[in-house]
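Okay, so here's the structure we're looking at.
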Amino acid sequence: MKMKKTMRKAIWAGIILCLTAGCSPAERPGQAKAPAQQEEETETAAAETAVSTDGSLTMTIPEGWEAYEDPDPYDLRLKSSKGYTGVFVYGDGDFDEGTEAGEVLDYQIQDLMSRREEVAVYRDLETETLEGRVITRITYTGKKDLTENIYHFSLVDFESEDKFAVIIQSSLPEEFEGNLEELNTMVESVKLTGEPDTV
């Protein structure tokens, strides 16, 4: 079973690499690239992409982050010296009819935070629409084994699809504010593999 998952990940990674390689128009001989184009290509080449175990979702991996080979219990899990990120990928068919994506987010929050002490909301609920996705975020603090952590919960609901992702990111309090932009960028980079690129 693990071998099948690994092979599936490798195949998806290969497909994505093939699709993204050579997507820019061919240059004419002797044509110089604009500095902005060179910078954009350098950033694109440096960015890596992680794929969920079912192959349906990708997330851009910032420098210093790496994906777990076995993400269990998540569908995708990453770590760095700054914290952790776990991604659950769900389809509407995974739940009873009428279950809303927000209810699944609430369940994941309740499940994790019920195993923490001194739980408090750190950042209030906020929602934004971004390129066909509704992103909801809320952040908590909590202690486990006397260590305080900040837990950044995000829901990415794909408006035109029957899939959504719940993303749980954790960080030490002294690291969180400095990492928040990067954590949010990771969430915003989440795409479905069958989702057409938006321009």
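Here salt bridge (charged side-chain N to carboxylate O under 4.0 Å, His left out) pairs that include residues 162-180, with residues two or more places apart or in two chains, are Asp54-Lys163, Arg123-Glu177.
In this structure, Tyr84 places its OH atom where only 12 or fewer heavy-atom neighbours from other residues, nucleotides or ligands lie under 6.0 Å away. The environment of Glu103 atom CD is dense: over 12 non-hydrogen atoms of other residues, nucleotides or ligands sit within 6.0 angstrom. Crowding of Gln110 atom CD: a count of heavy atoms from other residues, nucleotides or ligands under 6.0 Å not exceeding 12.
Under a 4.5 Å side-chain heavy-atom criterion applied to ILVMFWY residues, the cluster that includes Tyr107 comprises that residue alone. By the 4.5 Å side-chain criterion applied to Ile, Leu, Val, Met, Phe, Trp and Tyr, Leu105 is assigned to a cluster that also includes Tyr74, Phe88, Tyr90, Phe95, Val104, Ile109, Leu112, Met113, Val119, Val121, Leu125, Ile138, Tyr140, Tyr151, Phe153, Leu155, Phe164, Val166, Ile168.
At least one side-chain heavy atom of Glu131 sits less than 4.5 Å from a side-chain heavy atom of Arg133. Side-chain contact between Leu57 and Val51: absent, with no pair of heavy atoms (C-beta onward) separated by less than 4.5 Å. The closest side-chain heavy-atom distance from Val190 to Met186 is not below 4.5 Å. Residues Pro71 and Thr53 meet the side-chain proximity criterion, which asks for heavy atoms closer than 4.5 Å.
With sequence neighbours left out, the side-chain hydrogen bond (donor to acceptor under 3.5 Å, both in side chains) criterion links Glu128 to Arg137. Checked against side-chain hydrogen bond (donor to acceptor under 3.5 Å, both in side chains), Thr85 has the following partners two or more places apart in sequence or in another chain: Gln169. When the side-chain hydrogen bond (donor to acceptor under 3.5 Å, both in side chains) test is applied to Thr139, the partners found at least two apart in sequence or on another chain are His152. In this structure, Asp145 has no side-chain hydrogen bond (donor to acceptor under 3.5 Å, both in side chains) partners at least two apart in sequence or on a different chain. In this structure Ser80 satisfies the side chain to side chain contact (heavy atoms under 4.5 Å, CB included) test together with Trp65, Lys82, sequence neighbours excluded. In this structure, the side chain to side chain contact (heavy atoms under 4.5 Å, CB included) partners of Thr147, at least two apart in sequence or on a different chain, are Asn149, Leu172. Residues satisfying the salt bridge (Lys or Arg N to Asp or Glu O under 4.0 Å) criterion with Lys143, sequence neighbours excluded, are Glu118. Partners of Lys144 by side chain to side chain contact (heavy atoms under 4.5 Å, CB included), not counting sequence neighbours, listed by chain and number: Arg116. In this structure Glu181 satisfies the side chain to side chain contact (heavy atoms under 4.5 Å, CB included) test together with Thr185, sequence neighbours excluded.
Here the shortest heavy-atom pairing between Leu78 and Leu76 reads CD1-CG, 4.1 Å. Across all non-hydrogen atoms, the minimal contact from Val89 to Ser52 is CG2-CB, 4.0 Å.
A single hydrophobic cluster is seen to contain both Leu180 and Met59, as judged by linkage of ILVMFWY side chains at heavy-atom distances under 4.5 Å, directly or through other members. Val87 and Val134 are not part of a single hydrophobic cluster, where members link through side-chain heavy atoms under 4.5 Å apart.
In this structure, Arg77 forms a cation-pi arrangement with Tyr68, its terminal cationic atom sitting closer than 6.0 Å to the ring centre and no more than 45° off the ring axis.
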| message | As a quick check of understanding, evaluate side-chain contact (heavy atoms from CB on, under 4.5 Å) for Thr49 and Ile61, giving each step before the final call. | response | CA-CA 6 Å; Thr49 302; Ile61 307 175; over 6 Å; no
| request: Determine, stepwise, if the pair Ile135 / Leu130 fulfils side-chain contact (heavy atoms from CB on, under 4.5 Å). | output: CA-CA 7 Å; Ile135 300 175; Leu130 182 68; 4.0 Å; yes
